[in-house]
Amino acid sequence: MGLAQRNIGRDGRAQRHRRRLAIAAIVAVFVAPLLVLAVWMQHVVGARTGIPGYVVRVALPDGAMPIGLPPIEGPADASRPLVVIDAGHGGHDPGASGAGGEREKRLTLALALAVRDALIADGRVRVALTRSDDRFLVLQERAGIARRLHADLFLSIHADAVESGAGDASGATLYTLSDKGSDAIADAVAVRENRVDTVNGVGLGGADNAVSQFLVDLSQQRMRAASQAFATLIRREGQGRIRFRDVPVQQAAFVVLKSLDVPSVLLEAGYVSSPDDVENMRSRPWRDGFGRAVAHAIEIDLADQAAGTSATAGL
């Protein structure tokens, strides 16, 4: 190929490149204002109608497949009793919020870790956490972990808030399962906690249909007695370390406590709507004392179960 032909080829490529740049400039001149106008209209329409101009999609579990089981920590001896500790809320579900921006999901995880650390330090029982990080679990999955691990105890830790007009609340409260709450606050707390799964469309019933009503009633009677005994132990061991409400042990219809075969307690360690409770729960020394008290109650309860002296021994 001669020099003249090479020059002609380069000129042709240069002309094509200039044409492409010109076309791109023309498109930018007309399209960019349209994009700006579309974004502005979306913002204005959303502001006037209350309809958000964008959609955030969160992938939620459908409940069809069981989640993976958490690791079991503590003694390697599989014959040692096992407690499952559930840190309430997590992931896209922050739980209750305090006036200072405190999130329930963070406080409950810190408290659950304090109990776990105290149990591991003692080395008497095995322990598993339903979550050890910021992840979302539906209510049935939390109790389901305890059943699938064949746990001997289940403890769910929360730090709720009292809504305006529902009365003041501060201090810790222990809840065991009942069809009706002990008071208006207990009912209100249970409704808010149980609503988590309603939002996600996960069915909450069906497990009881596999057995006769008689066996269900008998099992619930035994488990509720055992749960009541466990709650009483936490109350006793927490004296001097945990400030409890005037009526420290109450009953409420928490979905997370509905288990036929695992004694279960929900512990409201405090309320994020109470500045005093928040100050305690954010304090590492207070959490350490909380963890030791609850861990001691767990160890006593599991020792009683092993010795056959629990509240269910005579049933």
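When reading the values below, keep in mind they use all heavy atoms of this one structure, side chains included, and skip hydrogens, waters and symmetry mates. FYI, the numbering just counts along the sequence from 1. Owing to the predicted nature of the structure, the values given are computational and were not obtained by experimental measurement.
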Trainee: For a quick test of reading the model, state the closest non-hydrogen atom pair linking His158 to Ser156 and the distance between them.
Mentor: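 Scanning both residues, the minimum pair turns out to be NE2-OG, 3.0 Å.
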Trainee: Would Glu237 and Asp301 count as a side chain to side chain contact (heavy atoms under 4.5 Å, CB included) if you check the C-alpha gap in whole Å, the side-chain angles of each, and the deciding distance to 0.1 Å?
Mentor: CA-CA 11 Å; Glu237 297 303 313; Asp301 188 275; over 6 Å; no
Trainee: Calculate, to the nearest 0.5 Å, the distance between atoms CD1 and CD1 belonging to Ile234 and Ile300 respectively.
Mentor: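 Nearest 0.5 Å value for the CD1-CD1 distance: 11.0 Å.
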Trainee: Asp277 vs Arg243, test: salt bridge (charged side-chain N to carboxylate O under 4.0 Å, His left out). Steps then yes/no.
Mentor: CA-CA 9 Å; Asp277 287 354; Arg243 183 171 60 89; 2.9 Å; yes
Trainee: Distance from Leu153 atom CG to Gln305 atom CD, nearest 0.5 Å?
Mentor: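 These two atoms lie 5.0 Å from each other.
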Trainee: Return the minimal non-hydrogen interatomic distance between Ala87 and Arg131, and the atom names on each side.
Mentor: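 Heavy atoms of Ala87 and Arg131 come nearest at O-NE, 3.0 Å.
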Trainee: Using 30° and 60° as the class limits, which term best fits the ring planes of His92 and Phe136: parallel, tilted or perpendicular?
Mentor: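 Ring orientation of His92 relative to Phe136: tilted.
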Trainee: To check you understand the geometry: which heavy-atom pair defines the closest contact between Phe154 and Arg142, and what is its length?
Mentor: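 In terms of heavy atoms, the two residues are closest at CE1-O, 3.5 Å.
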Trainee: Just do the side chain to side chain contact (heavy atoms under 4.5 Å, CB included) check on Arg245 and Tyr271 with the steps written out, would you?
Mentor: CA-CA 11 Å; Arg245 289 179 59 193; Tyr271 291 83; 3.3 Å; yes
Trainee: Pick one: which of Leu155, Val249, Ile242 meets side-chain contact (heavy atoms from CB on, under 4.5 Å) with Leu174?
Mentor: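 The residue from Leu155, Val249, Ile242 that satisfies side-chain contact (heavy atoms from CB on, under 4.5 Å) with Leu174 turns out to be Val249.
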Trainee: Measure from the side-chain N and O atoms of Arg241 to the backbone N and O of Gly291, and report whether any donor-acceptor pair falls under 3.5 Å.
Mentor: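 Here the side-chain-to-backbone pair does not exist.
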Trainee: Working to the nearest 0.5 Å, report the span between CZ of Phe244 and CG of Leu267.
Mentor: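 So the gap between those two atoms works out to 7.0 Å.
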Trainee: Restricting to ring-ring contact (aromatic ring centres under 6.0 Å, His included), what partner residues turn up for Phe290, sequence neighbours left out?
Mentor: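 By the ring-ring contact (aromatic ring centres under 6.0 Å, His included) rule, Phe290 matches Trp286.
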Trainee: Taking Arg224 for the side chain and Thr176 for the main chain, is one N or O donor matched with an acceptor at less than 3.5 Å?
Mentor: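 Here the side-chain-to-backbone pair does not exist.
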Trainee: Looking only at heavy atoms, which two atoms of Pro81 and Asp152 are closest? And how far apart?
Mentor: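 Scanning both residues, the minimum pair turns out to be CA-OD2, 3.3 Å.
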Trainee: Which one of Val115, Leu233, Ile157 satisfies the side-chain contact (heavy atoms from CB on, under 4.5 Å) criterion with Val294?
Mentor: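 Going through Val115, Leu233, Ile157 one by one, the side-chain contact (heavy atoms from CB on, under 4.5 Å) with Val294 is satisfied by Val115 alone.
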Trainee: Go through the steps for Leu113 and Leu129 under the test side chain to side chain contact (heavy atoms under 4.5 Å, CB included), then give the verdict.
Mentor: CA-CA 8 Å; Leu113 290 172; Leu129 299 178; 3.6 Å; yes
Trainee: Can I get a per-line list of side-chain donor-acceptor pairs under 3.5 Å for residues 116-125, giving both atom names and the distance, sequence neighbours left out?
Mentor:
residue, atom, partner, partner atom, Å
Arg124, NH1, Glu299, OE1, 3.4

Trainee: Taking Asp134 for its side chain and Gly90 for its backbone only, find out whether a donor-acceptor pair lies under 3.5 Å.
Mentor: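 A pair under 3.5 Å: no.
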Trainee: Donor-acceptor pair, distance only, cut-off 3.5 Å: does the side chain of Ser283 make one with the backbone of Glu279?
Mentor: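 Side chain of Ser283 to backbone of Glu279: no pair is present.
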Trainee: Step through the shown structure and confirm whether more than 12 heavy atoms of other residues, nucleotides or ligands are within 6.0 Å of CZ on Arg282.
Mentor: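 Counting neighbours around CZ of Arg282, 12 or fewer heavy atoms of other residues, nucleotides or ligands fall under 6.0 Å, so no.
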Trainee: Looking only at the side chains, is there a donor atom on one of Ser274 and Asp276 sitting less than 3.5 Å from an acceptor on the other?
Mentor: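 Asp276 and Ser274 do not have a side-chain donor-acceptor pair below 3.5 Å.
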Trainee: Test salt bridge (charged side-chain N to carboxylate O under 4.0 Å, His left out) on Arg284 and Asp288 and set out the steps.
Mentor: CA-CA 6 Å; Arg284 179 61 183 270; Asp288 288 344; 3.1 Å; yes
Trainee: Please check: side-chain N/O of Arg126 versus main-chain N/O of Arg80, any donor-acceptor pairing under 3.5 Å?
Mentor: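 Yes; judged by distance alone, with no hydrogens or angles, the pair exists.
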Trainee: Supply the atom-to-atom distance Leu111 CG to Ile85 CD1, rounded to the nearest 0.5 angstrom.
Mentor: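 The distance works out to 10.5 Å.
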Trainee: Which value, rounded to the nearest 0.5 Å, describes the distance between Gln140 atom CD and Ile67 atom CD1?
Mentor: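 If we round to the nearest 0.5 Å, Gln140:CD and Ile67:CD1 are 11.5 Å apart.
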Trainee: State, to 0.1 Å, how close Ala128 and Leu149 come at their nearest heavy-atom pair, and which atoms those are.
Mentor: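 Looking at all heavy atoms of both residues, the closest pair is CB-CD1, 3.9 Å.
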Trainee: Taking all atoms of both residues into account, what is the closest heavy-atom pair of Thr108 and Gly88, and its distance?
Mentor: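 Between these two residues, the closest heavy atoms are OG1-O, 2.9 Å.
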Trainee: Checking Arg287 side chain against Met281 main chain: does a donor-acceptor pair fall under 3.5 Å?
Mentor: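 Checking the backbone N and O of Met281 against the side chain of Arg287, a donor-acceptor pair under 3.5 Å is found.
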Trainee: Any non-hydrogen side-chain atom of Ile145 less than 4.5 Å from a side-chain atom of Pro70?
Mentor: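 Ile145 reaches Pro70 side chain to side chain.
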Trainee: Measure from the side-chain N and O atoms of Glu104 to the backbone N and O of Ala159, and report whether any donor-acceptor pair falls under 3.5 Å.
Mentor: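 Side chain of Glu104 to backbone of Ala159: a pair is present.
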Trainee: Does Ser264 use its side chain to pair, donor to acceptor, with the backbone of Val262 at less than 3.5 Å?
Mentor: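 Pair found, side chain donor or acceptor close to backbone of Val262.
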Trainee: With rounding to the nearest 0.5 angstrom, report the OG1 to CG distance, Thr130 to Leu69.
Mentor: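 Output value for this atom pair is 11.5 Å.
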Trainee: Tell me if a side-chain donor or acceptor on Lys105 pairs with a main-chain N or O of Gly91 at a distance below 3.5 Å.
Mentor: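 At least one qualifying donor-acceptor pair exists.
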